[in-house]
Amino acid sequence: MSESRFKKVRTRIAPSPTGNLHLGTVRTALYNLLFARYHGGDFLFRLEDTDKERSKEEFTNEILDGFKWLNISWDDPSSEDAPEGAEMTGLSEGHIVKQSVREAIHKKYITKLLSEGKAYKCFASKEELDEMRAKQQANKEIPRYDNRSRNLSEADQAKFESEGKPFVVRLNLGADRDILWNDLIRGEMSINTKDLGGDPVIQKSSGQVLYNFAVVVDDFAMQISHIFRGEDHLSNTAKQIAIYEALGFSVPEFGHLPLIFTKDKQKLSKRKHGDIASVDTYKKQGYLPEALVNYLVGTSYNDEELGELFSIEEAADEFDIEAVSKSPAIYDIKKLNWYNREYISKLDYADILNNCAEFSKFSLKTTDKYSQDQIEAMLKGIQDSLDKFDEVDIHIDYFFEDFSVVEDKILKTLEDGKIIVEKLLILIDADGINFADPVSFKNALNSVGKILELNGKKLFMPARIAISGKTSGPDIGLIAHLLGEEKIKERLKKIQDKLTNTV
RNA sequence: GCCCCCAUCGUCUAGUGGCCUAGGACAUUCGGUUUUCAUCCGAACAACAGGGAUUCGAAUUCCCUUGGGGGUACCA
């Protein structure tokens with residue numbers, strides 16, 4: 001990396017509490033975190049809550065909860081070697097910088113730019129600007145602010161001010177020029193100021209400063225050295241560099257990450273794609289945070305040493321921001337599910353129990369239907385077939401509830417195996433099966449198979465369906481062992497009755 | 001419209017001029033294990049968008065075309 005004007009690597013994530021925690025935000029946070037950790041620097045958190053209309057406390061909480069769940073934490077932003085003018089206020093509990101608390105500081109810099117002539121007041125009304133744009137479009141020109149107030153006469157300015165006419169503050173971009181930066185992910189970048197849509201507003205008529213301005217002032221105060229964000233910020237970066245320069249601040253390094261798309265090749269967004277963009281959805285469905293993190297990082301970052309499965313810590317040891325892909329990643333829930341299954345299969349039993357209990361309606365930890373040893377055998381039996389924990393009950397419901405077979409296909413299998421059910425019942429009545437032994441039922445089934453000259457699927461599938469109602473599950477001996485003699489007998493009889501009545 | 005970005009299997013990607021008849025993972029299909037299913041294991045399928053240029057040699061460099069995306073606010 002090039003020699004930095006910053007004493008320490010500092011990155012940040014700066015979400016705004018105007019919606020749920022978005023997968024893209026998490027991925028951006030992750031790359032910033034990884035970069036900071038790799039370079040032994042800090043990773044900070046700032047809440048961009050200046051839009052009072054749209055910011056909501058519930059979103060703040062959801063975002064914070066989400067990061068906590070994902071095990072993503074940030075460092076203390078206070079610093080002893082802050083440059084002059086880098087006032088650091090807006091700190092709240094948990095090392096969070098709240099942008100809204102920093103209004104006075106933002107204003108101070110507006111005043112500074114105004115007094116230095118690097119920014120100016122624009123009194124043009126909304127109607128006036130709409131008219132201007134309409135005219136431009138009619139003339140087939142590119143609609144943009146024409147910098148009409150850049151050189152307002154002192155007399156006019158004084159007049160408007162005395163009238164109390166509302167105004168916005170705009171940054172004077174000066175003569176057209178290329179704004180250049182060396183993007184850490186994309187290489188040399190160049191955007192001309194003439195394509196920025198005219199001198200940008202930095203303070204609204206309400207007195208509120210705008211995003212692009214607040215970001216620069218706050219990133220300076222937080223001494224952010226590297227900014228990694230989505231490529232949808234590309235033109236913001238050009239504006240922000242102009243603001244950095246006007247303010248006389250050192251410009252940080254930038255890197256623009258590819259976006260996450262859905263199959264329709266559109267930016268993954270809550271509006272278009274609903275809940276799949278929200279972290280909370282995954283939490284509620286029983287995904288493991290480690291799996292989600294691994295998937296998200298892996299979408300645009302690969303490393304041969306790391307392989308497919310890695311933790312944040314492992315990735316931080318190797319992380320190379322320049323290896324991040326430039327092209328968008330298409331969101332693939334099947335791959336996420338694979339990651340989740342991998343992580344689930346590696347879990348200790350205590351974690352399996354906790355997660356299953358959280359998502360199951362069968363009170364797994366307190367049930368009196370089964371001992372905890374039996375619950376353990378049951379859950380270990382299905383551990384490898386879970387994609388996510390909210391599926392737990394469809395794998396274990398037959399241990400707790402009776403079922404009725406209605407599907408034609410399954411019914412057919414059962415009819416073909418009617419004789420097996422009968423023989424099994426006879427064996428049970430003759431005390432030929434020891435249910436305390438997990439292999440006894442299986443052995444009995446085998447002996448039935450020998451008598452009937454049946455084996456494989458023809459033998460096992462009807463038996464499996466008759467006692468569990470399902471075509472898949474753990475070892476059939478284990479199922480019978482857990483269910484016990486009474487229940488097995490009851491279910492076999494019920495099936496037998498049903499088959500007798502329908503045939 | 002204008003500006004900017006991107007372009008290898010269906011998907012995520014490896015690949016920075018010869019090691020590429022392009023490697024891995026997910027998905028899919030087919031086998032094997034499991035006397036069943038799931039799991040697991042093995043295999044197969046499958047891509048350098050198109051056209052020029054540079055070069056002894058191009059997936060890799062350059063240009064054009066095409067396609068896709070992002071931005072273009074007194075939102076963040």
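Just so it is clear: chains get the letters A, B, ... in the order the sequence lines come, proteins before strands, and each one is counted from 1. Worth knowing before you read on, the calculation uses all heavy atoms, side chains too, and leaves out hydrogens, waters and symmetry mates. Computed from a prediction, not measured in an experiment: that's the story for all the values here.
Of the candidate nucleotides B:rU39, B:rC5, B:rA38, B:rU39 has the atom nearest to the side chain of A:D384. Of all nucleotides listed (B:rG70, B:rC5, B:rC26), B:rC5 comes nearest to the side chain of A:E231. Listed nucleotides: B:rA76, B:rG69, B:rG24. Nearest to the side chain of A:E308: B:rG24. Of the listed nucleotides (B:rC74, B:rA25, B:rC12), B:rA25 has the atom at the smallest distance from the side chain of A:W338. With B:rA14, B:rA76, B:rG68 as the candidates, the nucleotide lying closest to the side chain of A:N302 is B:rA14. Comparing B:rC75, B:rA7, B:rG69 by their closest approach to the side chain of A:S327 singles out B:rA7. Closest contact between the side chain of A:D332 and the listed nucleotides B:rC4, B:rA25, B:rU11 involves B:rU11. Set against B:rU39, B:rA14, B:rC5, the side chain of A:M189 has B:rC5 as its closest nucleotide. Set against B:rC26, B:rC74, B:rC4, the side chain of A:V201 has B:rC74 as its closest nucleotide.
Both A:D195 and A:T471 lie close to RNA chain B; mapped to their nearest nucleotides by heavy-atom distance, the more 5′-ward contact belongs to A:D195. In terms of position on RNA chain B, the residue among A:R464 and A:V209 whose nearest nucleotide sits closer to the 5' end is A:R464.
Note: A:H226 and A:F35 meet the aromatic proximity criterion, with ring centroids under 6.0 Å apart. Remark: aromatic rings of A:F319 and A:Y301 are close, center separation under 6.0 Å.
Between the side chain of A:N236 and the base of B:rA76 there is at least one donor-acceptor pair of N/O atoms closer than 3.5 Å. A donor-acceptor contact under 3.5 Å is not formed by the side chain of A:R186 with the base of B:rC5. Interface remark: the A:K326 side chain does not form any donor-acceptor pair with the B:rA7 base, using a distance-only criterion of under 3.5 Å. Looking at A:S205, its side chain comes within 3.5 Å of the base of B:rC74 through a donor and an acceptor atom.
Here B:rG70 presents its P atom at 12 Å from CG of A:L268, a figure rounded to the nearest Å. Regarding A:R229, its CZ atom lies at a distance of 18 Å from the P atom of B:rG70, rounded to whole Å. Atom pair A:I479:CD1 and B:rU34:P shows a separation of 18 Å (rounding to whole Å applied). In this entry the distance linking CG of A:D475 with P of B:rC37 reads 13 Å, nearest Å. Distance CZ (A:F254) to C1' (B:rC5): 16 Å, rounded to an integer number of Å. Rounded to an integer number of Å, the gap from A:Y398 OH to B:rC37 P is 16 Å. What separates OH of A:Y331 from P of B:rU13 is a distance of 15 Å, to the nearest Å. Taking atom CG of A:L196 as the reference point, atom P of B:rG71 lies 15 Å away to the nearest angstrom.
Side-chain contact of A:W181 with A:D183: a donor-acceptor pair under 3.5 Å is present, judged by distance alone. Side chains of A:H273 and A:T262: a donor on one and an acceptor on the other come within 3.5 Å.
No engagement by A:Y339 is indicated, since no non-hydrogen atom pair under 4.0 Å with the nucleic acid exists. Using a 4.0 Å heavy-atom distance criterion, A:Q266 is classed as a sugar-phosphate-only contact. Among the protein residues, A:G197 comes within range of no part of the nucleic acid, since none of its heavy atoms lies under 4.0 Å from any strand. Backbone-only contact: A:S190 has heavy atoms under 4.0 Å from sugar-phosphate atoms and none from a base. Residue contacts shown for A:S16 are limited to sugar-phosphate atoms, with no base heavy atom under 4.0 Å away. The residue A:L234 sits close only to the backbone: its heavy atoms come under 4.0 Å of sugar-phosphate atoms, none of a base. Among the atoms of the strands shown, none is found under 4.0 Å from any heavy atom of A:G230. The residue A:L210 sits close only to the backbone: its heavy atoms come under 4.0 Å of sugar-phosphate atoms, none of a base. Using a 4.0 Å heavy-atom criterion, one finds that A:S300 contacts the sugar-phosphate atoms exclusively.
Judged by centroid separation below 5.5 Å and plane tilt below 30°, A:H233 stacks onto the base of B:rA76.
Under the Watson-Crick or G-U wobble criterion, with both distances below 3.5 Å, B:rG1 is paired with B:rU72. The pairing partner recorded for B:rU16 is none, the criterion being a Watson-Crick or G-U wobble arrangement whose two distances lie under 3.5 angstrom. Pair assignment for B:rC40: B:rG32, on the basis of Watson-Crick or G-U wobble contacts that are both within less than 3.5 Å. In this structure B:rA7 sits in a base pair with B:rU66, meeting the Watson-Crick or G-U test at under 3.5 Å.
For the pair A:Q383 and B:rU39, the criterion of a side-chain N or O lying under 4.0 Å from OP1 or OP2 is not met. Between A:K204 and B:rC75 there is a side-chain polar atom (N or O) within less than 4.0 angstrom of OP1 or OP2. OP1 or OP2 of B:rG71 sits under 4.0 Å from a side-chain N or O of A:K267. Proximity of A:S325 to the phosphate of B:rU13: a side-chain N or O atom is located under 4.0 Å from OP1 or OP2.
The separation of B:rU54 from B:rU60, taken at their C1' atoms, amounts to 13 Å, rounded to a whole angstrom. For B:rG51 and B:rA58, the C1' atoms lie 15 Å apart once the distance is rounded to whole Å. Straight-line distance between the C1' atoms of B:rU11 and B:rG68: roughly 16 Å, to the nearest whole Å. Between the P atoms of B:rA25 and B:rC41, the separation comes to 11 Å (whole Å). Distance check on atom P: B:rG70 versus B:rU61 gives 26 Å, rounded to whole Å. Nucleotides B:rG10 and B:rA22 have their P atoms positioned 15 Å apart, rounded to a whole Å. Look at the C1' atom in both B:rA27 and B:rA43: the space between them is 16 Å, to the nearest Å. Between B:rG42 and B:rC6, the two P atoms lie 38 Å apart (nearest whole Å).
Annotation: cation-pi pair A:R170/A:Y145 present, NZ/CZ under 6.0 Å from the ring centroid and within 45° of its normal. Both the sub-6.0 Å distance and the 45° axial angle are not jointly satisfied by A:K165 relative to the ring of A:F123.
A:N294 and A:E308 make their closest contact through ND2-O, 3.1 Å (heavy atoms, listed as atom of the first residue, atom of the second, distance). In plain terms, the two heavy atoms of A:V201 and A:Q203 that are nearest each other are CG1-O, 3.4 Å. Nearest heavy-atom pair across A:A124 and A:R148 is CB-CD, 4.5 Å.
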From CA spacing to verdict: side chain to side chain contact (heavy atoms under 4.5 Å, CB included), A:Q137, A:E141: CA-CA 5 Å; A:Q137 276 176 326; A:E141 288 168 30; over 6 Å; no

